Each structure stands twice: as structure tokens, then as C-alpha cells.
Amino acid sequence: MGETYSPIPGQSVQASTLRLPRALSFLRAIEESPQDSVVECLVDRTDGDYSETIIVDLCVARPQKTVHEICLVERIAGRFTETDAAAPEALALRMTFPQVPHLNLRKDEYPKSLCLYAEEWSSQRLRWHGKGFLERIREWLRLTARGELHQRDQPLEPLMFGTGCRVILPHGWLNATDSKALPLNLAIYDSHLYERVLMASPPARDKDVQPEQQYLMLRVATPAVTHGVIRNSPCSLSELSGFTDRDGFSLISEIGEQLKAVPSGPVRDRRFVLLVDFPKKRSADGPIEHVERKAFLTVDPVATVGEKLGVWAKLDGATLPIIGETTLGDGGSVHIEAVLNVSETCTWDVLALLNGEPERNKIKILSIGAGALGSQVACNLARAGFGQWTVVDVDTFLPHNAARHAMTAHVTGFGKASAVACEMNGYAPGEPEIARGLLADVLRSGSWDSDLDTVLKDAELVLDMSASVPVARHLSSRSSSARIISLFLNPSGSDLVVLAEDRMRTCPLNDLEMLYYWAAGSHDELVNHLDENRGPEGMIRPHMRYGASCRDISSLIPHDFVALHAANGARSIRRLAALPQASMAIYRYDQHVGGLCPVPLSVEPLHACSTKNWEVRIAPDVLRSVQQYRKNALPNETGGVLIGGVDFDRSVVYVIGVLAAPDDSVQFPNGFIRGSKKLAERLGEIERRTLGNLGYLGEWHSHPSGVGTTPSTADSQLLGWIQEHTVLDGRPAVMMIAGQRRECRVVVGTVSNHKIIKGAGA
Amino acid sequence: MHTVTFHNIGNADCIRINLANGKKILFDYANCRNPYDKTDLRCDLPKELRDDLDERDYYDVVAFTHLDRDHYAGSTDFFYFEHITKYQDDVDGEPRIKMRTMWVPAAIITEALSRDASTVEAVAIQTEARARFKAGSGIRVFSRPGRLKDWCEENGVDLEKRKHLVTDAGLLAPEFSLDSDEVEFFVHSPFAVRQNANEVEDRNCDALVMDVTFESDGQRTKLFLGSDVTHEVLTDIVKVTEMKNRPERLEWDIFKLPHHCSYLTLSDEKGTDKTKPVPSVARVFEHYGQSKCIVVSSSDTIPRKGDERDTLVGANPPHRQAANYYRQDVIAPKNGQFVVTMEHPSTSKPTPMVVEIDFCKASVRQRVLTSVTSSAAAASYTAPRAG
């Protein structure tokens, strides 16, 4: 028995007369493929668009056991148009070709048009070639025969083609009510769009809404349907019921019953929209995997639909129920104006998921600083549903802030904190708020004090994005269990600094700050890190004054730098929040690389000891260094200069770095005279590189073995000499003596005021 | 997925089975190609096999179904003979391929071969098989053990201690199982026919016929490997198997035709345009063949009516009349495929024919010239640009 094939319009021609490049490429591919053969070539000009068609008998690796009846040899037409506006079409010509998934919907059922590619023709055409087309058809047929074209992990096919329209419902709105009839308003915000979007809102919200925007929505769920073949959208309720009615379910009866419950009155003047849930299964005996939701929009008022379906009769302008046994209409006269895809507004959980976070992190965050960096970091994290925020800032949004802030000039005159919190909450409207703004100055007392105290007590993470050393130090010293992560940019905006306390706060932010300064002062890669006058690309960047006050100054940092660092900062916070340990990192924009490069920095908790009036905090590296220098110099003594800083506010002395003996020093077994060669230059360099945060602190020297670390008479005199210099700055004199067995004696102010520390091994 | 590859080597056999678990089995080896003849369209068999083996230097099993040249030609230039030193050195700089286990019918052990230049390779295979049997490892012999009795006595081999190397017809070759390999090999021949209550006659001891059952995701696919048996032997196989009430052992999805599509597989009468099979053979093909089955003729192209190859008296296979029977009476009603190794995918450019076996049973792989492969489904989609 011979197969019958769909006719293809056009005039049969010799293959040699074809001229369209894609047709020729396809022809060549067939000729090179030994198992396939050209049946006929056609050209067609009937609809004004010149086209060429090549009909091929194409061999398919059809398996023995098939899901869809595909033949070993399928007759396929490849159709190419001169305009090349759409993808070349592949048509299965066999009249018995089965109805299968992934066919293009066409006006005529035959020939079937194969849906070969998921991507748009505009992208696909860049790579299209005849051989690929031929093999894609072959593969499409093979996978269809095997029932594998629609892959197991691929979402189920939509049931019907959409109309490019969508309605957006407030999230959870439908679940919040048992009522099957919901009044709502539908508004189009931008009617020029190709895809019309209707925003739904409860009727109470808009009082002055136009009558044509007022709807009553009925909700219906159909029996489960097996996905596979995509259908045309229905044009009437009758067509829709032809699609839904099975297993004893009648759409019209369902609507009729619901309409009967709609009270008479103005609600029946609202327009009729039907929301249908289609539970979908992958296979007839499979579980329900997905519920496809569509809304069917009519132009009829509810009363008219009821009349057309025979639920009500109109009498003297009023709709009255029909009493007794009635036969409902088929709904053919209820025209469906549009089929709408149904979406809901986003939830925080969905935002987290879309950001690659399977589970939302609800960590309680107190965020200080809603400036350029702070606002962008906070907004980046809120988009991922990350955290429960209190955003604190005392500043007001001024016009110049628009250059780099997350907010626009629309909020000029508003407090930055509340504006940013409002923006953050706006990512998931209708959801519980994720952020609140608090107008407060953490360094000053005010009406916000108790509020700030409560928030700090409750917080699990404090984000310091204030770009203010006093704020950082204030936060670090507050007794709170919440760890602090501090983010700030260097003056030029080229580097982002991220200082993260450990979860137990054994490395407080103040210590991290000092370690960071030492890195800035000593690390080869950070020579210009804190250079205030150098721009990100190395050029000199002046500041700009935006007001008359001497403090009204704003740095000239490009917004893209802030955005770059804010993105990286947000990413760092997400990562660091999950790690228990302290860390310190600098991310530098490298103009040669064209991206961020990390400068690796290590963190060790400082040794701490208290002396009279002063708390001394010493970097372990200092102890290691002096021990190493001592060991190298034995049997002589050696020494050098201590580098550090003093926090007068909190009476803390930080011993952070150490310099070895200058070349002109004199070392002997029972004494050491520190020289001065190039010392002033080195100290000056450290002060410059740390913006004066680190500098000369005092002297250190070693004692040989067997004499302990007790200061000698000479040592006492040395301490006095140091005092003479430091007293001008109001600082105490600091002297350190390194002895055997890793013992170090720290003397602060007077000889009697000392502490012995066992340092790490050299 | 398992694959069965039928090599395009003219009227000769070499079938490679690649199991999903990585094991490889070769049924026969015949490299008859003339590398200096550009019109010789037969594949370069050692190259094809080495390409597939890649780094591996062995087959788990090599079966020689019988000692005809079209089933062993070139073996001594390809395989590593454990017991023959001169067949152990590299060939053209390539190491020889080892046969971890040889499968042979008893005749290969017992047959008296004439020793002349034409049988050197057959003698080598026999020598290797005998030495392995004597050594007690690396071989399986298919027959009733009793069949080997005389040879064992003559060669001082204790048959009792070799019984584990012998598998009788009607049993499964113990090297593979459905549980561990998703495949089992059922032995149809060599076999014995019970003449009466006391007498058993050994027949057709010279060829190995097997029914192979593959399993993939619970789906079974059956391959019938017919060696070169005639319709008389096939008839006996049908009778014995049906008598034992094991019709499932006769069902097949893929049938490797015996003797390169010879009419003698079907009947003694060739027929004018179509061979009419004897009743039992007709049952094998028409009753036991499954829907959309695949019949493979490992042969030259089928001659057309009136061709020299067709009209010659005593013409060698393949025979047009036999092919017509398969096409018209077996393939057409079952919506299957008849594939001739030298015609696949085309007579001008034949290539080895690969049958893929998985949960959709068997399908003939279509040769794809470009990079558009079975992963094309995924490759046809460009991942959406993230924004």
C-alpha cells in the first residue's frame, strides 16, 4: 500500500535552477548524505514571497519500540523563502504522520510543521547551515520516535498558544480566599507594548476605576490533562469547553453553578473573566507535575454571560434566575477576547531562588550607612531576599547623590535610610517588609537611642558601610554579640576593603582595622592604596565641593566603580555570613586585567594585655619578628623601632609592626645602640601610606640569654628618652624587650608598668 | 546502551558486541580487504577494531563460529596467540589484541585439518584452542563433553577436569549473565538430537549458533547469530527448541543471516525470483521475528536480476531470491529493515553498520557526518543569556 503525501504548492523544477543560498546548502547536504535522496524541487511565487522547496526522503534511526509511529524513511519538505524572515520550515509530508509534541501550529493540519529549534530565528540564523538542518530534522524524528524529544527534565509543554498577554495577580491573593467569584480591577499601564500586561488589584484599592476595568473573576479547575500537543487558543467558551470537558466534567455547568451564586446588583455589571487551572501530567498514568493557569477575558458583563448561558433571563432590565429544569447554552456566543497567562507578584523566596539561593537567608542585619556603597550593597542583597534589615543613616538624599547612589533623584529631600528601605521592600510588593529605615546618628545620642539599642541587641550581623572610622570603632566597642563586617572603598575608589569579624568576635573590628593599616603600610601591592589624590586609573582626581561647609566635599569616583565594588561586596557578605572565621580582603580594580583582583591578606587575633591606664594589643607577627631578629643577632643584642597606633578614646595601644635595626646601629653582647640611617624616611613612608594611622610608637631591643627581660638602668634611660618624644603627642612611651624562651616584656609609660608576653616561636 | 556492529567486509563475518558495562565480544574476524585496490569498499577491519578498542588491548571473548576462511582470515596478523610464540610480536608497530576467552565449537578442537598453505591460520586457531583447553583456561568449548572424549584420551587430557570449560547446547555461556552484564548467550548449536530413548546423535558440531538476549532498562532485545548454518540445521534447531518448549529462544529482533544470504539457509531450491523456505525455517523468520525487526545480510551487495553474479551457475551468495524472500515476506509485514553490510548506508560508500540497543530495543544508527550527534537535542538550544 503506497503512502499518500501532502501536496506542496509550487512548480516542479530541476535542482540546478534553485538559487536561494539556504536551499542550495540543504541540497548539498542531502547529496552528501548517502542514505537520503532528493525527491523533488519546487519553486513558488503565489503569495508574493518567492520560495524554494526541496523534498527529501530522509532515513531515520527509528528504533523497534516506538512511542510515536515514525517511519524508517520519512518524506520531508524543506521550505526556504527569499525574504528569509523566518526559519526554514521542515514539513512532514506523510498524511499519516502522527500528532506529536513539538509541532508548529499552522492553519492547516497537514503537512505537519516540525518545531526544530527553541531559539529565535534571529539568533539561530547566525549558525544555520544545510547539514545541521538536515541532521536536526533526522534527530528530531529519531527522538520523536523514541518519545525523547521532550526531555525528561524539560518542563511540560504549554497546553495552548498564548496571545502575548499576561495578567499579574498579587501573590497569595487567590489562596487567601475560598470564594470562587472574585471582584477585581484590571489595568494596563503601557498599552504600546507587544505583550499587554494587566495588573490586577482588589476593587477596594481604586475607587475611581473605569467601568471597563472592573471584572468579576470565576475560578475553575479542570480534570488532569496530559501535555504534548499545543493547541490554538479558544475563541469562545464553547471552544474552551471542547478542550476541558472530559471525565464527566462540564465547563459550562461549572460556570452556570457559580453564576447562580453571584448576587444580583452591581457585581453583575462587572465584566466576566474566567480563571482556569489545568493540572498537567507528563504521561497519562503519571502524576500531576504542574498546574497551568490561564485567564480567559471576555467583553461581556457577568449578567450577559449568565443570559447567554441560560442561567438568568433579562426582564425589565433586571436579570432573574430561570426557575425549574433548564438547559444551559453551549457558550458559543460568549466570545473570549484574550487568553492571558497568569503570573503572581514575586515573593522573597522566589527572588532568592532566582538569585541562585535555594533557601532564603533571613539573618537579622543592622546596616550602618546608606550612602553610595551602602545603598547599592543593601539593594543587591535585598534582591536575593537576603536578610531582615534595619538600615541606619542620618543623611538626607541631596541632588549630587544621584551620581552614585542606588536611589534616583525622586527621593531628593528624603532620608537615605528610609528611601533605601522603601526601595528594598519594593522588590517584592505585597510581601512582608524586609527592611526598615532608621534615621539615626550612631555617634550621637538622640531620640533614636532606645530604638538603636533594641536593634543592635537583636541583630545577628552588623554591616558597617559608614565609611567612617569613628563609627567603625564605636560599633566595634559596643558590647553586642553580633559580628561586624565592615566594607569601605579606598579614597580613589579603586579598592574595596572587606573586614569581617569572626563569629565569636575574638578579632574585633578595631584590631582588623589596625592590621589592615599595617598591610597598607607594608604590603608591596598596596603602595598607593590610601593615596587620596590618585584616581582609579592612576590619575590625579580632585574632590568636588557641593556645599559651603568645609565638610561638604564629595570624592570623584565613577559610579561604575561603586557598582562593581557593591556587587562584589554583596557577594562577599553572602559568602562570609556562612563562614565562622575572621577575614580581611582587599579587592582592587586592575585596569590592565579589566576586573577585580584580590590582594591576599591574613588575619591573626592580637595578643591583648592590660597595663595601668592602657590596654596593649600586639600583633603576633611583632613577637615573631623580634624573636627572629634576636636569634639572628646572638650573642649580641639587637633592636629597632615599634610601629603602631593609639586609640586615645578607648586608651588602647596597638603594637602592629616592627622595624629591624638600621644599618648604622651598634650591637654588642651587653648593649645595643639603635642607629637612624634611613629610619625617618621609612617611618614617613608608613605614615603616608596609612594616612597617619600608624607611626612611631617606641623602641624594642633584645637581651641575651640568661639575663631575663628586666629593664636595665640603660633601658630605663631609654624609656625616658622615648617619653620625651612621645609626650608631645600625648602618647605613652612603649618599649619592648625580647628575651630567651620567646619571652617579651612590654613596658608602657614607666618601667614598673609592664607585662610579660609569651610570643609565638620565631 | 549496548551496540552490535556488523562490519562491511564483503562475504565474510565479523560482529562486534560492545556491552553497556564496557565488555567487548567479537564473533569471527575476517580481514579479506585488498588495501592496494581503491575499488575495494570493504572496511579496514583491524583499524576499525583498534579505533574502537582505543587504549584497550583485549576482547573479553573472541568467538570463532567455525573454521571457514571468511570467519578467520587475517587472525594471525591481529590476535595475540598465548601458545604460539610467532604470533605474539607486534604487528606494524601495534601490539596484538588478546583474546581473554576463546569460544569455539568442539569441531575446532577435534577436526582433522589438512595442513597446507591455505589452512595455516585455521591450524593456528586450532593449535591455540587445543593448547588453552589442555592448559585448562582461556577457552570455552561448545558441545556435549562426551563429544571431546576421544580427543582427550588421545591427547592425555583428563576430561573430567575440563568439564567446566564445556557448555552443552540448550545452556547459557557462563561468562555473561543478565544480572551482571545485561546480556546472556544461549547456545543453539552444536547440539544433539535424541533419536530414541537411548540414543543421542551429535549433529552439526562444526558451527556455533547463538541466541543473544540483551537487557536495557528492563527491555529485552534478541539477536540471533546464525553462523553459516543451512536450512537443515535451522530446522533441527527449531524442532529441538520447540520440543523443549522454549519458544522464547527462537524469538529474535535482529537476525544475522547465515552464510551471507544464501538460499541454502531457506531451502535446497533457490526459486526463480524468491526462495520459498522450508516450513520450519519459515517459522523462524515469519513467526518468531518481532515487529520492526532487523535482518542483516553480512555480504556483498545483492545482485540484480540478470547480473553476471545472478546468472552464474552455482553462483556464490548473496542470492537475490533469498533477499527477496526476506524483504517481501519477513520485513514488509513486520515493518522492519533488511540491511546488507556492503550496501549500508549506500553501495558506493558502505561503512560498518551499528545497531544500538536500549530501552527502545534495536535501531540502526544513521551515520552522521557533522558534529550533529545524538546530543543534538541539547545542542540545538543556546542557553539563554542571563541578565
Side-chain angles (χ1 to χ4, degrees), chain A residues 1 28-37 58-73 87 102 115-120 122-124 126-154 354-356, chain B residues 1 214 216-222 252-254 289-294 331-332 334-339 343-351 353-387:
Chain A
M1 191 181 66
R28 215 164 29 246
I30 301 165
E31 286 168 352
E32 284 171 7
S33 179
Q35 67 269 49
D36 307 322
S37 53
L58 192 143
C59 280
V60 185
R62 182 215 62 189
Q64 267 186 290
K65 190 178 161 193
T66 50
V67 174
H68 299 293
E69 279 308 307
I70 301 297
C71 293
L72 285 168
V73 177
H102 296 280
C115 177
L116 296 176
Y117 300 98
E119 65 182 341
E120 295 285 328
S122 54
S123 317
Q124 187 203 44
L126 305 175
R127 295 185 306 279
W128 192 98
H129 56 89
K131 182 66 191 170
F133 186 55
L134 181 74
E135 295 305 337
R136 179 63 194 147
I137 298 169
R138 197 194 310 282
E139 187 65 359
W140 188 100
L141 292 166
R142 184 182 82 90
L143 293 173
T144 297
R146 298 168 63 88
E148 291 181 319
L149 186 62
H150 196 92
Q151 290 162 3
R152 285 177 200 182
D153 60 347
Q154 201 175 341
L354 290 170
N355 272 270
Chain B
M1 182 173 63
F214 297 95
S216 190
D217 291 332
Q219 180 67 55
R220 292 191 177 184
T221 305
K222 314 245 319 177
W252 56 272
D253 295 292
I254 311 153
Q290 304 296 296
S291 174
K292 294 176 187 160
C293 56
I294 300 165
I331 290 309
K334 295 183 190 300
N335 191 14
Q337 310 182 62
F338 178 70
V339 191
E343 295 181 359
H344 174 83
S346 68
T347 51
S348 58
K349 286 179 189 167
T351 55
M353 197 253 303
V354 181
V355 176
E356 297 179 341
I357 296 168
D358 61 11
F359 69 95
C360 288
K361 303 193 76 171
S363 52
V364 177
R365 183 185 290 170
Q366 292 296 330
R367 188 162 164 250
V368 173
L369 297 169
T370 64
S371 60
V372 183
T373 60
S374 55
S375 63
S380 76
Y381 302 113
T382 301
R385 182 174 290 193

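All of these numbers come straight from a predicted model, not from anything done at the bench. Order of the sequence lines sets the chain letters (A, B, ...), proteins ahead of strands, with each chain counted from 1.
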Q. Could you go step by step and tell me if R62(A) and V364(B) meet the side-chain contact (heavy atoms from CB on, under 4.5 Å) rule?
A. CA-CA 7 Å; R62(A) 182 215 62 189; V364(B) 177; over 6 Å; no
(Q) To the closest 0.5 Å, what do you measure between SG (C360(B)) and CD (Q64(A))? (A) 10.0 Å
Q) About how many Å separate CD of E135(A) and CD of Q366(B), when rounded to the nearest 0.5 Å? A) 9.0 Å
On a heavy-atom basis, which atom in [X] and which in [Y] lie closest, and how many Å separate them?
X	Y	answer
G336(B)	L72(A)	O-CD1, 3.4 Å
E69(A)	N335(B)	OE1-ND2, 4.4 Å
R146(A)	S363(B)	NH1-OG, 4.3 Å
S346(B)	P34(A)	OG-CB, 3.2 Å

(Q) Can you confirm whether the side chains of K65(A) and S291(B) place a donor and an acceptor under 3.5 Å from each other? (A)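 Not at all, the side chains of K65(A) and S291(B) share no donor-acceptor pair under 3.5 Å.
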Q: Report the option among A61(A), C71(A), A145(A) that has the most heavy-atom pairs separated by less than 4.5 Å from atoms of chain B.
A: A61(A)
Q: Select one option (side chain, backbone, both, neither) describing which atoms of S348(B) are under 4.5 Å from chain A's heavy atoms.
A: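 Contact with chain A is absent: no heavy atom of S348(B) under 4.5 Å.
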Q: Let me know if V60(A) has heavy atoms under 4.5 Å from chain B in its side chain, its backbone, both or neither.
A: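 Contact with chain B: backbone only.
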Q) Is the side chain of Q35(A) donor-acceptor paired with the backbone N or O of P345(B) at a distance under 3.5 Å, no angle test? A)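 No; judged by distance alone, with no hydrogens or angles, the pair does not exist.
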Q) Between Q337(B), Q219(B), Q290(B), which residue shows the highest count of heavy-atom pairs closer than 4.5 Å to chain A? A)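 Winner by heavy-atom pair count: Q337(B).
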